[in-house]
Number of protein chains: 2
Amino acid sequence: MQQAAKLTARGAATKARIVTAAADLMLERGAAGTTLDDVLAASGTSKSQLYHYFGNKDDLIRAVVRHQAQRIQQDQRPELDALDSLAGLARWRDKIVAAQAAHDQVGGCPLGSLANELAGGDQQTRSVLQECFAEWEAPLRAGLTAMRDRGSLSPEADPAALAEAIMAALQGGLLLAKTHRSSRPLARALDMAIAHVHSLATASPA
Amino acid sequence: MQQAAKLTARGAATKARIVTAAADLMLERGAAGTTLDDVLAASGTSKSQLYHYFGNKDDLIRAVVRHQAQRIQQDQRPELDALDSLAGLARWRDKIVAAQAAHDQVGGCPLGSLANELAGGDQQTRSVLQECFAEWEAPLRAGLTAMRDRGSLSPEADPAALAEAIMAALQGGLLLAKTHRSSRPLARALDMAIAHVHSLATASPA
DNA sequence: CCATAACTGGACTAGCAAGTCCAGTTGCTG
DNA sequence: CAGCAACTGGACTTGCTAGTCCAGTTATGG
C-alpha cells in the first residue's frame, strides 16, 4: 500500500466496493469474525486488489469504521442538524428507534459494535473511533449549546456533559436492543435522556 | 461432555480454573479473540480436560457469560441490595465509577462486551445473556418499585422502564469509557440517569 | 483390593486465515 | 503509439485453531 499513488476512477470504485462489502459483513459478524476471503467474495475482488488498496486487515477495519461513521451521519440527516429544540430531539429519537426497528432488531450500532470490539486494540484504531464518536456527537452538543444560549435551557446545564450522556444512553440502548431483539430498551433509554433535557428546560423558552 | 457425571472435588476445581482463566482472557481479548490454547496455558490444563468439562468452545463461552454475571453481582454487593433510595443509587454509582477507574479505564463491562459480541450469534447464547441482564437488573427494579410504593417516587414512575433505561446508560457509559480510556462518560451517563430519578422523586419522601 | 469411572496428558488432524508473490492486463500521458 | 504506472487474478506459503483420539493415572465404592 503506497497510497500516495494516483487512484483512477476504476481504482476508486474498486476500493469503495471493498469497504462497503466489508462494512456490511462486519456489521453482522464483527470485525474479527469477518475473513478477508468473505470480503473478496462479497465484493467480487481478489486478494491482490485488497492489498493494493489497504496495508492489512487493520487498515481495512479503520476504513470501515470511518465508513460507518459517515453512513450514520448521512442516515440521520437532516434530524442531526436540528437538535436545538425539544421537538428536534424528539424527531431524532423517533428516527433512530424506527431505523432500529426496521433492521428487524438485528445489529446494534454499526459504530458502537465496532468500538466495543476494537477499543481494546491498538492506539491508532482507538483514535479513529474517538474521532468518529466526537464527530457524531458534535451536532448534538451544538444544538444543546444553542438551546442554553438562547435561554431554552437552564444556564447551569452543561451541553458537553449532556451530549455525552445522551450518546451513552443511545449506545447502551442499542446494545440492549440487540441483545433482546427488541427496540424497547432503546426507546426507554432515549426517552429517559430526553426527559432529562426537558427537566432542564426553562418555562419560558426565551 | 456428559455432564450428568459425578464431578469430584478435584474435577470441580479444574472446571472452575478453566472458566476463570477463560473469563479473564475474554475480558481483554473478546471471546473470538481468545483461543482455547490460551485458556489452557493460563489455567494450566490440557485439551482433554477442557473437552471433558465443556462440549465445545460455545459451551465454554456460555459458562464464562454466567461466571461474569455472577462476578458482577458479587462485586456490587451490598450496594446492589440497597437501591431503594436516592442515597443508595448514589452509592451504587460511586462504586461502579470507582471500579471502572481502578481497572485503568481498560475493559468495559464484562457482560456488556460479551453481549455485544455474542448477541448476533445463536439463540442459546442470547438466552443466557438475556437472563444475566435480567438478573442483574432485578435488584434495581425492585429498589425503584419499593421507592414508588413507599411514595418516594411519583406514582406515574415506571420502575421497569426506569431500571432498563438506567442499565442502558450504564452500558453505554462503559462502552464510551472504554473507547476514551476515561471514566468521564460513565460518570456523566450515570449522573444523568440518577438525576432523572431525582426529578421523579416526591418532595415528601413518604 | 479390585473394578469401574472420573480424570489427565499431549500428540495428531483437517481446515482455514492472513499475507506474499508474480505474471499479466488495462488505461493514462506524452 | 510507446511506455510506464495503475490495476487485476489467483496460486501459494506459513502459521494457527477447533476439535479428536487414545493411552495412561487417580480416586472411590463395594
Side-chain angles (χ1 to χ4, degrees), chain A residues 1-23 25-26 28-65 114 117-118 121-122 124-125, chain B residues 1-23 25-26 28-65 114 117-118 121-122 124-125:
Chain A
M1 194 192 72
Q2 63 304 324
Q3 219 48 10
K6 287 286 290 189
L7 200 63
T8 64
R10 183 162 60 125
T14 300
K15 188 174 180 181
R17 208 148 26 98
I18 292 173
V19 174
T20 306
L25 290 169
M26 288 179 182
E28 53 177 87
R29 309 186 199 173
T34 300
T35 71
L36 298 184
D37 287 333
D38 291 340
V39 173
L40 300 182
S43 62
T45 52
S46 70
K47 267 279 166 76
S48 61
Q49 300 182 59
L50 196 153
Y51 279 94
H52 182 71
Y53 296 109
F54 303 96
N56 52 32
K57 189 177 180 182
D58 285 342
D59 194 25
L60 171 61
I61 288 172
R62 282 187 289 272
V64 167
V65 169
L114 286 172
E117 185 177 354
L118 305 170
D122 59 304
Q124 205 179 346
T125 301
Chain B
M1 191 194 70
Q2 61 307 322
Q3 217 50 12
K6 289 283 291 190
L7 200 65
T8 64
R10 184 164 57 124
T14 301
K15 188 175 180 179
R17 208 147 28 95
I18 292 173
V19 173
T20 307
L25 290 170
M26 288 180 182
E28 52 177 89
R29 307 186 200 175
T34 301
T35 71
L36 298 183
D37 286 334
D38 290 340
V39 174
L40 300 181
S43 62
T45 53
S46 70
K47 267 280 167 73
S48 60
Q49 300 181 61
L50 195 153
Y51 279 94
H52 183 71
Y53 296 108
F54 303 96
N56 52 33
K57 190 178 180 182
D58 285 341
D59 194 26
L60 170 62
I61 288 173
R62 282 187 289 271
V64 167
V65 170
L114 286 172
E117 185 177 354
L118 304 169
D122 59 304
Q124 205 179 346
T125 302

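Chain identifiers are assigned alphabetically (A, B, ...) following the order of the sequence lines, protein sequences preceding nucleic acid strands; residue numbering begins at 1 within each chain. Every heavy atom of this structure was used, including side-chain atoms; hydrogens, water molecules and symmetry mates were not. On a predicted model such as this, the values are computed, not experimentally measured, just so you know.
When the nucleotides C:dG10, D:dT17, C:dG19 are ranked by their closest atom to the side chain of A:Leu36, C:dG19 comes out on top. Picking from D:dT17, C:dA17, D:dC7 the nucleotide with the shortest atom distance to the side chain of A:His52 gives D:dC7. The side chain of A:Lys57 sits closest to C:dA18 out of C:dA18, C:dT8, D:dA18.
In this structure B:Ala12 satisfies the side-chain contact (heavy atoms from CB on, under 4.5 Å) test together with B:Leu7, sequence neighbours excluded. For B:Asp38, the side-chain hydrogen bond (donor to acceptor under 3.5 Å, both in side chains) test picks out B:Arg29, B:Thr35, with sequence neighbours left out. The side-chain hydrogen bond (donor to acceptor under 3.5 Å, both in side chains) check on A:Thr125 picks up A:Arg62, A:Asp122, with sequence neighbours excluded. Partners of B:Ser48 by side-chain hydrogen bond (donor to acceptor under 3.5 Å, both in side chains), not counting sequence neighbours, listed by chain and number: B:Ser46. Partners of A:Ala32 by side-chain contact (heavy atoms from CB on, under 4.5 Å), not counting sequence neighbours, listed by chain and number: A:Glu117.
In this structure, CG in A:Asp59 is found 10.0 Å from OH in A:Tyr51, a value given to the nearest 0.5 Å.
In this entry the distance linking CZ of A:Phe54 with P of C:dT20 reads 16 Å, nearest Å. Residue B:Leu60 contributes atom CG, which lies 15 Å from atom P of D:dT17 at whole-angstrom precision. Taking atom CG of B:Asp37 as the reference point, atom C1' of C:dG10 lies 11 Å away to the nearest angstrom. Regarding A:Lys15, its NZ atom lies at a distance of 13 Å from the P atom of D:dT8, rounded to whole Å. We find that CG of B:Leu50 is positioned 14 Å from C1' of C:dG10, with the value rounded to whole Å. The CG-C1' distance, from B:Asp38 to D:dC16, rounds to 11 Å in whole Å. Rounded to a whole Å, the CG atom of B:Asn56 is 5 Å from the P atom of D:dG19.
Mapping A:Thr45 and B:Ala31 onto DNA chain D by nearest heavy atom places A:Thr45 at the nucleotide closer to the 5' end.
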Between protein and nucleic acid, restricted to nucleotides 21-27 of chain D and to nitrogen or oxygen atoms under 3.5 Å apart, what atom pairs and distances do you find?
none

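B:Ser46 comes within contact range of at least one nucleobase, with a heavy-atom separation under 4.0 Å.
For the pair B:Thr14 and C:dT8, the criterion of a side-chain N or O lying under 4.0 Å from OP1 or OP2 is met.
The minimum heavy-atom distance linking B:Val19 with B:Ala63 is given by the pair CG1-O, 4.0 Å.
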